[in-house]
Amino acid sequence: CCQGTSISFNEPTLSLEWSLEVFPLAREAGLYNTYVTNGYMTERALELLVEAGLDGMNVDVKGDAEAVRRYCQADVEVVWRNCRRAQELGVWVELTTLVVPGVTDDDPSLFKKGHSDGAECLEGIARRIVAELGPDVPWHLSRYHPAYRFTAPPTPVATLERAREIGQQAGLRYVYVGNVPGHPGEHTFCPNCGTILARRGLLQLLHCDVTPDGQCPRCGQEIAGVGWAWKRRGPRLAPGNSESSKQLTRAIARRHGRK
């Protein structure tokens, strides 16, 4: 079943006007709305998205200031500003960093003492998440695979595991390993008692024990997140054939003058 929308793959702010049309219609159909984005947008664009019905964002923090300037020709401070502003507007925020050898991990040993600030890229991101967004913000550390003009070898799994430890040592409670199928770092653990609360496989939620009111059933720890009760509500929108799906499709078509 479908419970919400997620605009992703190509940078969604490139189709901002389309998002502003779809989000209110999705809300009317009882769906939530999410963005998977590089976070590089104006404050006004973000505010318009929230007004239209944006509920959550997964934002790419691609590196420190030097890495983002070198490889993206962009100012990473815009991304951090928008993350803070999204939280202020009530949007659920998660962050993702693609760990690229020689770019965000800086050297194979990860953060040797005595190196420049650039050699502390992931450590610096982790500390900043805690300081500016809070320790309950999830941080996804994704494995890189060579593509297009990047020819560095795939990120070693051990590097991702070390990066996850760094995030946890910085005080983050929910740090995940991504693009490594079957890795235990995909799961959500209770930060208090260590119980596995949400089991995942690839892009699927396999099992969730978080209570509907967002607590660990074993120790009562409050678990950060939104929508823990959604799975108890039953199917909302079956792909392609439900009445809600048809209504949403017809509503979008009407906006564009089609029958």
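Linking Ile, Leu, Val, Met, Phe, Trp and Tyr whenever their side-chain heavy atoms come within less than 4.5 Å leaves Val36 and Leu20 in two separate clusters. Leu141 and Val180 end up in the same hydrophobic cluster when Ile, Leu, Val, Met, Phe, Trp and Tyr side chains are linked at under 4.5 Å. In this structure, Val210 is not a member of the same hydrophobic cluster as Phe189, with clusters built from ILVMFWY side-chain heavy atoms closer than 4.5 Å.
The pair Glu66-Arg69 does not count as a salt bridge, with every side-chain nitrogen at least 4.0 angstrom from each carboxylate oxygen. Classification of Arg218 and Asp209 as a salt-bridged pair fails, no side-chain N sitting under 4.0 Å from a carboxylate O. Salt-bridge formation is not detected for the pair Glu186/Arg199: no Lys NZ or Arg NE/NH1/NH2 atom is positioned less than 4.0 Å from an Asp or Glu carboxylate oxygen. Note on Glu43 versus Arg84: no salt bridge recorded, every NZ/NE/NH1/NH2 to OD/OE distance being 4.0 Å or above. Contact check on Arg164 versus Glu161 returns no salt bridge, with no Lys/Arg side-chain nitrogen under 4.0 Å from an Asp/Glu carboxylate oxygen. For Arg81 and Glu77, the salt-bridge test fails: no basic side-chain N is under 4.0 Å from an acidic carboxylate O.
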Could you walk me through whether Thr211 and Trp228 pass side-chain hydrogen bond (donor to acceptor under 3.5 Å, both in side chains), step by step? CA-CA 7 Å; Thr211 65; Trp228 294 119; over 6 Å; no

Could you go step by step and tell me if His140 and Glu94 meet the side chain to side chain contact (heavy atoms under 4.5 Å, CB included) rule? CA-CA 8 Å; His140 304 266; Glu94 303 193 8; 2.6 Å; yes

Let me see the working for Tyr71 and Phe150 under ring pair (Phe, Tyr, Trp, His ring centres under 6.0 Å), right down to the final yes or no. CA-CA 11 Å; Tyr71 293 100; Phe150 265 88; 5.6 Å; yes

Starting from the C-alpha separation in whole Å, work towards a yes-or-no answer on side-chain hydrogen bond (donor to acceptor under 3.5 Å, both in side chains) for Ser6 and Thr34. CA-CA 5 Å; Ser6 182; Thr34 63; 3.2 Å; yes

What do the steps show when you test Ile125 against Thr97 for side chain to side chain contact (heavy atoms under 4.5 Å, CB included), and what is the final call? CA-CA 9 Å; Ile125 292 172; Thr97 299; 4.1 Å; yes

Does the pair Leu46 and Met57 meet the rule for a side chain to side chain contact (heavy atoms under 4.5 Å, CB included), with working shown? CA-CA 11 Å; Leu46 176 58; Met57 300 169 65; 3.9 Å; yes

Under the side chain to side chain contact (heavy atoms under 4.5 Å, CB included) rule, what do Ile7 and Trp18 come out as? Steps first, then yes or no, please. CA-CA 10 Å; Ile7 304 181; Trp18 183 73; 3.6 Å; yes

Tell me, with the steps shown, if Thr5 and Asn33 meet side-chain hydrogen bond (donor to acceptor under 3.5 Å, both in side chains). CA-CA 5 Å; Thr5 71; Asn33 295 304; 2.7 Å; yes

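Between Val137 and Leu172 the shortest heavy-atom distance is O-CD2, 3.9 Å. Nearest heavy-atom pair across Lys62 and Cys72 is CD-SG, 3.6 Å. Heavy-atom minimum distance, Val93 versus Gln87: CG2-CG, 4.0 Å. Minimum interatomic distance between His187 and Arg200 (heavy atoms only, all atoms of both residues): ND1-N, 3.1 Å. The two atoms that bring Ala152 and Pro146 nearest to each other are O-CB, 3.4 Å, heavy atoms only.
With 3.5 Å as the limit, one finds no donor-acceptor pair spanning the side chains of Tyr35 and Ser8. Checking Asp60 against Thr96 by side-chain atom types alone, no donor-acceptor pair falls below 3.5 Å.
Taking the six-membered ring for Trp, Phe23 and Tyr32 have ring centres at least 6.0 Å apart.
Taking the side chain as every heavy atom from C-beta outward, Trp80 and Arg128 approach each other to under 4.5 Å. Using a 4.5 Å cut-off on side-chain heavy atoms (C-beta onward), Val99 and Leu122 make contact. In this structure the side chain of Thr188 never reaches within 4.5 angstrom of the side chain of Ile196, judged on heavy atoms. Inter-residue side-chain proximity for Leu95 and Asn58 is flagged as unmet; no heavy-atom pair is nearer than 4.5 Å.
Counting heavy-atom neighbours within 6.0 Å of Glu222 CD, excluding the residue itself, gives a total of 12 or less.
For the pair Glu11 (side chain) and Asn38 (backbone), a donor-acceptor distance under 3.5 Å is present.
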